[in-house]
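By convention here, the first residue in the shown sequence is residue 1. Scope of the values below: all heavy atoms of this structure, side chains included, with no hydrogens, waters or symmetry mates.
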Amino acid sequence: MKSLLIKSAIASGIVLSLATITRPVMASSFTVSIENAGVQNAQLSNLLNAHVQTFDAQTAGYSATGFQSNDGTTNVGSYKNTLIVNADQYGGAGGANKYFDVDTSRSQNNQTVSTLNLATAQSYFGLWWSAGDANNVLTFLSQGKVVETITTTDVVKYIAASANKASYYGNPNSTFANQNSGEPYAFINFYDVAGTFDQVQFSNIGGTGFESDNHTVATSYKSITGSVVTQAVPESSSLLGVFVIGFVGATSVLTRRVNKKSVLQLS
């Protein structure tokens with residue numbers, strides 16, 4: 001009986017492992033956090049195989065074809081349908097050089113979405129979100145399928161409710177100090193706790209812009225840093241299903257053992 005229980009446990013463990021090899025079903029598969037006010041870069045020491053795109057080497061203006069994103073000799077991926085803008089009160093980390101934008105009116109080409117196609121799957125993405133508003137949207141995809149769609153609404157609400165909200169509003173850089181004081185500026189981390197993604201789409205609802213800089217990707221991370229805005233949430237039904245599979249596996253073995261014993265007694 002003891003050996004059968006051990007075998008049952010092993011069998012159930014195998015079933016559980018197989019059931020969780022594929023990406024688990026999540027109500028929300030991303031944990032989103034923000035760094036302290038004024039921070040404009042990711043915590044690179046917390047990331048594995050990290051790469052940063054500053055946009056400073058790119059030509060200002062709109063481009064339908066976009067550009068290749070390289071970090072030294074490493075091909076990180078490519079951007080399509082891009083708008084690169086010189087630093088102003090709305091963006092440009094450090095108050096200089098250039099930044100990334102999605103803006104229908106500024107691009108003058110009806111730009112509604114920009115895409116980052118990644119050369120390898122990643123589990124982390126971060127950006128310095130400048131002149132932020134609740135209409136900015138990030139859509140994460142894996143092999144052509146949407147993994148998660150995130151708007152910045154929750155970030156706006158989180159900052160507005162924080163005790164030090166004033167420190168997030170207005171451009172923090174000396175060149176444009178406190179300009180555009182009605183909008184927040186923050187570095188946002190997006191952690192895919194359920195798997196990976198290989199594409200990020202940037203879009204905007206309405207007529208406002210989606211300004212950002214220092215786009216950072218990483219294949220993995222050591223921990224969740226910053227203040228958590230939204231937590232990844234598994235589907236309760238998927239967790240129940242996995243446990244049911246294991247339980248059924250265990251009970252079926254025990255049932256066969258009981259039935260076998262009954263037959264032997266009758267004979």
Legend entry - Polar side-chain atom of Asn46 near backbone of Ser223 as donor-acceptor pair, under 3.5 Å: yes

Legend entry - Centroid-centroid under 6.0 Å between Tyr99 and Tyr90 rings: no

Inset, instruction - Please answer: with hydrophobic residues joined when any side-chain heavy atoms are less than 4.5 Å apart, are Val102 and Leu83 in the same cluster? - result: no

Inset, instruction - Indicate whether the side chain of Thr230 and that of Asp154 have a donor and an acceptor atom separated by less than 3.5 Å. - result: no

Legend entry - Residue pair Phe30, Tyr191: steps toward the ring-ring contact (aromatic ring centres under 6.0 Å, His included) verdict: CA-CA 5 Å; Phe30 277 71; Tyr191 298 93; 9.1 Å; no

Inset, instruction - Starting from the C-alpha separation in whole Å, work towards a yes-or-no answer on side-chain contact (heavy atoms from CB on, under 4.5 Å) for Lys80 and Asn117. - result: CA-CA 8 Å; Lys80 300 296 181 184; Asn117 295 301; 4.0 Å; yes

Legend entry - Test log, rule side chain to side chain donor-acceptor pair (under 3.5 Å), inputs Asn75 and Gln68: CA-CA 8 Å; Asn75 172 25; Gln68 192 72 24; 2.5 Å; yes

Inset, instruction - Keeping the roles fixed (side chain from Thr139, backbone from Thr149), state whether a donor-acceptor pair exists under 3.5 Å. - result: no

Inset, instruction - Give a yes or no answer on whether the side chain of Ser69 reaches the backbone of Ser78 with a donor-acceptor pair at less than 3.5 Å. - result: no

Inset, instruction - Show the numbers, then the answer: is there a side chain to side chain donor-acceptor pair (under 3.5 Å) between Glu148 and Ser28? - result: CA-CA 7 Å; Glu148 189 91 5; Ser28 175; 3.1 Å; yes

Inset, instruction - Take Arg106 and Tyr62 through the test side-chain contact (heavy atoms from CB on, under 4.5 Å) and record every step on the way to the result. - result: CA-CA 9 Å; Arg106 292 179 87 177; Tyr62 171 77; over 6 Å; no

Legend entry - Test side chain to side chain donor-acceptor pair (under 3.5 Å) applied to Tyr169 and Asn178, step by step: CA-CA 8 Å; Tyr169 281 83; Asn178 299 318; over 6 Å; no

Inset, instruction - May I ask you to check whether Asn49 and Ser220 show a side-chain donor-acceptor distance below 3.5 Å? - result: no

Inset, instruction - Could you verify whether a donor N or O on one side chain and an acceptor N or O on the other, from Thr54 and Asn214, lie under 3.5 Å apart? - result: no

Legend entry - Verdict with reasoning, Gln122 to Asp192, per side chain to side chain donor-acceptor pair (under 3.5 Å): CA-CA 8 Å; Gln122 309 288 321; Asp192 187 351; over 6 Å; no

Legend entry - Polar side-chain atom of Lys98 near backbone of Ala87 as donor-acceptor pair, under 3.5 Å: no

Legend entry - Under 3.5 Å: donor-acceptor pair, side chain of Asn109, backbone of Ser107: yes

Legend entry - same_hphob_cluster(Tyr185, Val85) at 4.5 Å side-chain heavy-atom cutoff: no

Legend entry - Asn70 side chain reached by Val76 side chain, heavy atoms, under 4.5 Å: no

Inset, instruction - Determine yes or no for a side-chain-to-main-chain donor-acceptor pair under 3.5 angstrom, with Asp88 supplying the side chain and Gly91 the backbone. - result: yes

Inset, instruction - Look at the side chain of Thr104 and the backbone N and O of Gln111, then say whether any donor-acceptor pair between them is shorter than 3.5 Å. - result: yes

Inset, instruction - Return yes if a side-chain donor-acceptor contact under 3.5 Å exists between Gln53 and Asp213, otherwise no. - result: no

Inset, instruction - Before giving the answer on side-chain contact (heavy atoms from CB on, under 4.5 Å), spell out for Val32 and Ile150 the whole-Å C-alpha distance, their side-chain angles and the decisive distance to 0.1 Å. - result: CA-CA 9 Å; Val32 179; Ile150 301 171; 4.1 Å; yes

Legend entry - Any Trp129 side-chain heavy atom under 4.5 Å of Ser212 side chain: no

Inset, instruction - Please examine the side chains of Val229 and Ile34, heavy atoms only from C-beta on, and report whether any two atoms are closer than 4.5 Å. - result: yes

Legend entry - Side chains of Asn136 and Asn204, donor plus acceptor under 3.5 Å: yes

Inset, instruction - Go through the side-chain N and O atoms of Ser105 and Asp103 and say whether any donor and acceptor fall under 3.5 Å apart. - result: yes

Inset, instruction - Check the side chains of Ser114 and Gln201 for a donor-acceptor pair under 3.5 angstrom, ignoring hydrogens and angles. - result: no

Inset, instruction - Using the ring pair (Phe, Tyr, Trp, His ring centres under 6.0 Å) rule, pick out the option among Phe67, Phe202, Trp128, Phe210 that qualifies with Phe100. - result: Phe202

Inset, instruction - Applying side chain to side chain contact (heavy atoms under 4.5 Å, CB included) between Phe190 and each of Phe197, Phe140, Tyr124, report the one that passes. - result: Phe140

Legend entry - Beyond-backbone contact of Leu118 with Val217, side-chain heavy atoms, under 4.5 angstrom: yes

